[in-house]
Structures are given as structure tokens and as C-alpha cells.
Number of protein chains: 2
Amino acid sequence: MRTVTIADVAKHAGVAVSTVSYVLSGKRAISATTRQRVLDSVRVLGYHPNAGARALASKRAKVIALVLPLRAGMNLPVLMQFATSVVTTARQYDHDVLLMTADEGADGLHRVAASALVDGLLLMDVEIHDPRVPLLRKLAEPSVLIGFPADPEGLTCVDLDFAHAGALCADHLADLGHREIALLGAPRVVYERGTGFAERTMAGFVEAARRHGIEADARPCEESFDEIHAAVKLLLDERPGLSGLVVHNEAAAGHVLGALRILGRRVPEDVSVVAICPDDIAERASPALTSVLIPAEDVGRQAVRLLMAKLEGQAVPESTLLEPRLTIRESSR
Amino acid sequence: MRTVTIADVAKHAGVAVSTVSYVLSGKRAISATTRQRVLDSVRVLGYHPNAGARALASKRAKVIALVLPLRAGMNLPVLMQFATSVVTTARQYDHDVLLMTADEGADGLHRVAASALVDGLLLMDVEIHDPRVPLLRKLAEPSVLIGFPADPEGLTCVDLDFAHAGALCADHLADLGHREIALLGAPRVVYERGTGFAERTMAGFVEAARRHGIEADARPCEESFDEIHAAVKLLLDERPGLSGLVVHNEAAAGHVLGALRILGRRVPEDVSVVAICPDDIAERASPALTSVLIPAEDVGRQAVRLLMAKLEGQAVPESTLLEPRLTIRESSR
DNA sequence: GCAGGTCATCGAAGCGCTTCGACGCGAAGG
DNA sequence: CCTTCGCGTCGAAGCGCTTCGATGACCTGC
């Protein structure tokens, strides 16, 4: 059973090959009757256009690259959510997704772009000084970044508005009447890498607290139970008046609650806790955490849309910030 | 700056196009001097073969599909680890990876296979009665499954030996002298879906306990702290003599420790706990968990190897079971 | 009634690569 | 010395598709 080609369809429908092509692409007007005949033949024969041939002739592979970071300190569930929404959205635009890991580096990007394997690139977790950025600027293939490098000039970047997310937490706690609050952030290594989002959250948090005229304090936070326990204890010892805690570290959120329990602080009676994390983690915790959602799905969807727009040659904004959303649950009052 | 083609390389090196092709593919002998000249030209011009053209002419896309499940109850970190190792290993074989989600179903598989977008398929999380299995049997493109359907006849399947993993936990606890043990498994929905691995773990666990002549009990386990707390309490009430607990649910492992702490049971003094989970989760817990590793990386690597062997036309075993490995940490004695 | 315009369709020229058969040349064998 | 055989290389024929220009057929309007 040889594979069905466009020529088979053409013969079966009694038309020229080019007519079949035009029916399928819609790039020229075709009479309703012919169109229907062709479509029927396609169905009957079970025709699927050969991707390679199509790519070769049209110079469009209908594939985009998704470059995921796969390092320590990354938040895996969020990453998966993001990847899923990218794939799903791309399919809506009739594109497929080639999965790459960041460890192929700039060479890898160059390879898939130069070989015309993909039409465009989506990069996650771009760093402040990312060696791939100069390449992206040069590349003919359009790209969209998740996260912001130092200089987004000439690029297209999408991200959650982390500064706003941090501010939202501070606002919420301030509105509840807390006068002394703190933020526990990502592991130290994340700050050292300069991924940006962690700093921006802290900055937004501190700035909002200042605006409210309340005491705020922000520090990195490791992810093992013992380190978290120690960190929380230290924080409570140093700042006896502390009554509001923001956790921007999903792996840590559960452990922070455990530590507070052990240290004899009730949540939310003694300490209000707000997490910046996906909803499922917040809901699974006990008490359920008031949280600011990291809208991974929105980011993925938006990133693909922007990339598709660029593929169509449309102009798109250099920077797109997605608004965070606060959901109040049981851990704050 | 037009993109560099093989013809440009040929001209630059002063040879025929076919010679360049043979140098690059190694399918015919080429003299060392010519080879070097061609290779130099390739480097100088920055030539990258056009993927579409190559696929069209050679009928090999050098791309494999990776189909990930994206449903509730899945373990995301393991999934990511697995995906990473698939991508990395595929690259070693000079292949790229097309990411698909299971929600495209059998049609999606058919599409990518029929369009020659991919040369082979890797499916994760195959269910006992998976509607995609009949299609896979029919497809010309080779495939490898992670997990086992009811009838693996004619397929190629890889998985961790979950029965052995369950048994290993029971053996370990029995060897430590525990006479009454229990297993907390995946959420109920996973069993209902019939993914297989969860049942096999339980079966292996129960069977091993029977062999040792000790009391064992195995039940599903939800993932919220409150439900876990309730489940652990119930278990301890029902079975006062219980001194060994196996947790086969990574999202739950931390919560189980928390619940035991609240219920006043010390680990490992009162209750020994063994988890079946990735090492990082086990190490991050407090006390660090004795655990059986789910070797996601090995599974991914092995799956790609098998797929590559099939692409080469080699015969491969229908079923490959990876041996679990027990790491003793602080939570059992 | 015929120039001019539309609309639907066709044929053919590539797209950049692999691969097959052919060919020339020097070495080996009789 | 002539035949035979590899080895290294070349040329050309596709692979299956898109797209451009061309071609009729048919309609419109003066």
C-alpha cells in the first residue's frame, strides 16, 4: 500500500495536481463542485500531504521550536502547563511543535532555523544576559521569548507581570491591616543566574510595601524542608511583629506551612500566607493558600499567537505583560 | 543573503553535488582530500542541509514524535525528566523530537505518521485499553510505548518494573523486622483509568508481603493535605500495629510526613516510611526518605534506543522492564 | 458582434536533496 | 600487454508539493 500522493488525488478526482493544491490551500478560487469532488477524493483515499515536500516547495515547515530550560530551580509543573498550552495553541494554527532543550544552546537554534526545520522559535526562561539573544536578533526566523533579557530592543517578549504580582501580594496584606511582612523567594541560585522574574517580584513587593508605609523584607529561599524550617524560624525570631508572609516558590509553599505549624504559628490567625504559584498547589495545601496565579497557559497561548502573527509578517508589540490575578483562600485574613 | 544550498557547497569545493552528499552521508567512499575540501567549504559557507528536501528525497525526516499525556494525576516532574532524556538521547542519534499531547488522539498520530513528519513514535502513559494501540499496530512507522497495554503482542514496550518496585519496598520493610505494613498509592482516578503501573506496584507489594508472611494493606491515596491527613489517621486507627508505610505518590510523600508529625508519630522511630518517587523529592523531605527511584531518564533513553533500532530495521524485544533501585535514607529503620 | 475582463483550471518549472547507474583511471592478474 | 576490477566521482532522475503564467470558457457592455 504505497502512500497516497497529491497526484493520486488529482487522478481520482479527474483534475490537475495544481487544482488539488489550490483546493487544499484556498489560495485560488475553485468552483464549489470541483472543490467538493477533490475533497471527496482526499477523504476516500485518505490523503495526507507530505510534510517534507510541502516544506520544500512552500518554504514553510509549519513547525515551531519550543526551547525549554531544563536546569535546577525551574518549576516543572508550570513548565509542563506552559508546554501543553503551546502545543495546543500551535495546533489551532495548524502548526506542530519541535521540542528542544536549552542545553543545545545557540548552535541548536541556529541548526533548526538554518535547516528550515522550523519557521519560528519560542524560548522559555531567557536570562538577563542570554548568549542566544544576539543570535535571535540576527536570525531570519521570527522568535518570541518568555521572560525578558536586559535589552528587549528588537525582540518580542511575553511574561507574567511579576512586579505587579509582588505588589499585589503586598497590597493584599496591607489592605488586611498587616504592618510587617516578608517575602520568601526562589532559591539563591535563581537570583544568581539573573533570570529576572525573581528580582522583579521582589522589587514589586518591596516597592508596594513602601508605598503602604509598612515594613517589608525579601530574601531567597531554598527548597528542602529543613532549610525552609530554619529560614522561617530565623525570620520569626528576627521580626517578632511579622504577620504576613509571601512565598514565591512553589516547591517551598507546602513546607512553609509545615514549618509554621511546627513553630506553633497558626495560619491565618497568627500569620497570613500568600503564595505565588499555580492554583492546584494552592488548593492542595492546608489551609488552602491565598495565591497569585502564574498564568502559564495564558503565557503559552499568547506567545504562540505573537509568533504566528510574526510569521504572517504582522508587527507585534515588543513586550507583552500578562496581569496576575489574586485568589483569596483560607491562608490570609 | 540567500540560504546556502548543497549546490553552493559543490561549486565552492569544485565537486559535484552528489559528491557533497556522499561526503556528508558517508554512504560511498570519498577520498580523504576531496572529503576535506568539501568539509572545509561546508564550514566556510555555513551550510546546513535543508530538512524538508532531505526528508523528501530520503524518506527519512530524522524526527520522532513524543506523545505526552497531559491529564490530571500525572506526575509532572517525572514527565519532564523523561521528556528531557528523550530529547537528549534523540539528539545523540541525530534526530529531533516533535512534541504532541495525547489529546490529539489516534488521529494526531495518524496525521504525523502519514504526512511523514516523523519517522517513529514514542508514546507515554499508555492505558490498558488504549484506543491508539490498534492504530500503532497498523502503522508503517515504528513505535515504542512507555507502559503496557493489555496485550503487548507485536508492540515494543518499556517501563519500570513496578511490581518489582512494590516488592522491593515490602522486602526492605520485612528485612527491617516490620510485621505490619501498608501502601498508599496513586489517586483513585489513576486506578480507574487502568494505567496499569499503579496496580502492578500494589500487586508486587502485597505479593512480597505475603511471601514474608507479614500483614499488608494497599489503598489509593488522594493528594490534598487534608485527605492525606485523614487517610493516614484512619490507617493508624484501624491498624494500631502498623509500623511500615510505603507511599507511591510523589505529590503525597511530603504531606504524609506532615500528617505523621501532626499525629505524633516519629519517623522512623515509630513508623518507617518508604517512597516510590524521584530522588530529589526524597532528598528534599524531612527526614530524607528511603525511596525506590523511578528511573525516568533511563526509561527515556532506553525507549529512544529501541526506537532507533527499529528505525534501522533491527528486531527488538517486545518488552523491556527496567529494574528499580532502593536508596536507604533516614526514614526507615 | 467583438474587445476586454473574470473565473476556473491546467501544465510545467522548480524547491534542495538523495541515490542510481555510468564512467574514467590506475592497479592487479593472467 | 591487455583485461578485469575497484575506487572515486559525476550527471541526472526523481521525491511530492507549490506557484506562476497561460489558456479557455463565459460574460459584459458598447
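Naming: A, B, ... by sequence-line order, numbering from 1 per chain. Note that these values count all heavy atoms, side chains included, but never hydrogens, waters or copies made by symmetry.
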What pairs of nitrogen or oxygen atoms, one from the protein and one from nucleotides 24-27 of chain D, lie under 3.5 Å apart?
none

Close N/O contacts between protein and nucleotides 13-15 of chain D (under 3.5 Å):
residue, atom, partner, partner atom, Å
D/dC15, O3', B/Lys59, NZ, 3.4

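Using a 4.0 Å cut-off on heavy atoms, the residues of residues 39-50 of chain A that approach DNA chain D are A/Tyr47, A/Pro49, A/Asn50, listed by number.
B/Ser58 places a side-chain N or O within 3.5 Å of a backbone atom of B/Arg54 that can act as its donor or acceptor partner. A/Asp161 places no side-chain N or O within 3.5 Å of a backbone atom of A/Leu321 that could act as its donor or acceptor partner. Using a distance-only test at 3.5 Å, with no hydrogens or angles considered, no donor-acceptor pair links the side chain of A/Asp159 to the main chain of A/Ile146.
Side-chain N/O atoms of B/Arg54 include none lying less than 4.0 angstrom from OP1 or OP2 on C/dG16. Between A/Lys27 and D/dT19 there is a side-chain polar atom (N or O) within less than 4.0 angstrom of OP1 or OP2. At the phosphate of C/dC17, neither OP1 nor OP2 sits under 4.0 Å from any side-chain N or O atom of B/Ser21.
Looking only at atom types and distance, the side chain of A/Thr34 has a donor-acceptor partner in the side chain of A/Ser31 under 3.5 Å away.
The CG atom of B/Asp119 lies 9.0 Å from the CD1 atom of B/Ile64; values are rounded to the nearest 0.5 Å. How far CD1 of B/Ile30 is from CG of B/Leu39: 11.0 Å, rounded to the nearest 0.5 Å.
Contact check on B/Asp40 versus B/Arg37 returns no salt bridge, with no Lys/Arg side-chain nitrogen under 4.0 Å from an Asp/Glu carboxylate oxygen.
A side-chain contact (heavy atoms from CB on, under 4.5 Å) with B/Leu145 is found for exactly one of B/Leu136, B/Asp130, B/Val158, B/Leu121, namely B/Leu136.
Among pairs with a residue in residues 17-31 of chain B, none fulfils salt bridge (Lys or Arg N to Asp or Glu O under 4.0 Å), at least two apart in sequence or across chains. Applying the ring-ring contact (aromatic ring centres under 6.0 Å, His included) test to pairs two or more places apart or on separate chains, none has a residue in residues 9-39 of chain B. Applying the ring-ring contact (aromatic ring centres under 6.0 Å, His included) test to pairs two or more places apart or on separate chains, those with a residue in residues 24-65 of chain B are A/His110-B/His48.
Annotated stems with DNA chain C as a participant read C:1-30 with D:1-30, given as range with range, by first number; only runs of 3 or more Watson-Crick or G-U pairs under 3.5 Å qualify.
A search for side-chain hydrogen bond (donor to acceptor under 3.5 Å, both in side chains) contacts involving A/Asn50 returns nothing, not counting sequence neighbours. The side-chain hydrogen bond (donor to acceptor under 3.5 Å, both in side chains) test applied to B/Arg301 returns B/Asp298, not counting sequence neighbours. Every residue two or more places apart in sequence or in another chain that forms a ring-ring contact (aromatic ring centres under 6.0 Å, His included) with B/Phe162 is listed here: B/Phe197, B/His248.
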Enumerate donor-acceptor pairs with a distance under 3.5 Å from any side-chain N or O in residues 148-157 of chain B to protein atoms, sequence neighbours excluded.
residue, atom, partner, partner atom, Å
B/Asp151, OD1, B/Glu153, N, 3.0
B/Thr156, OG1, B/Lys310, NZ, 2.7

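Going from atom CG of B/Leu24 over to atom C1' of C/dT19 covers 15 Å, rounded to whole Å.
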Check: For every nucleotide of nucleotides 6-11 of chain C, 5' to 3': is a protein heavy atom under 4.0 Å from its base (B), only from its sugar-phosphate (S), or from neither (-)?
Finding: --SBBB
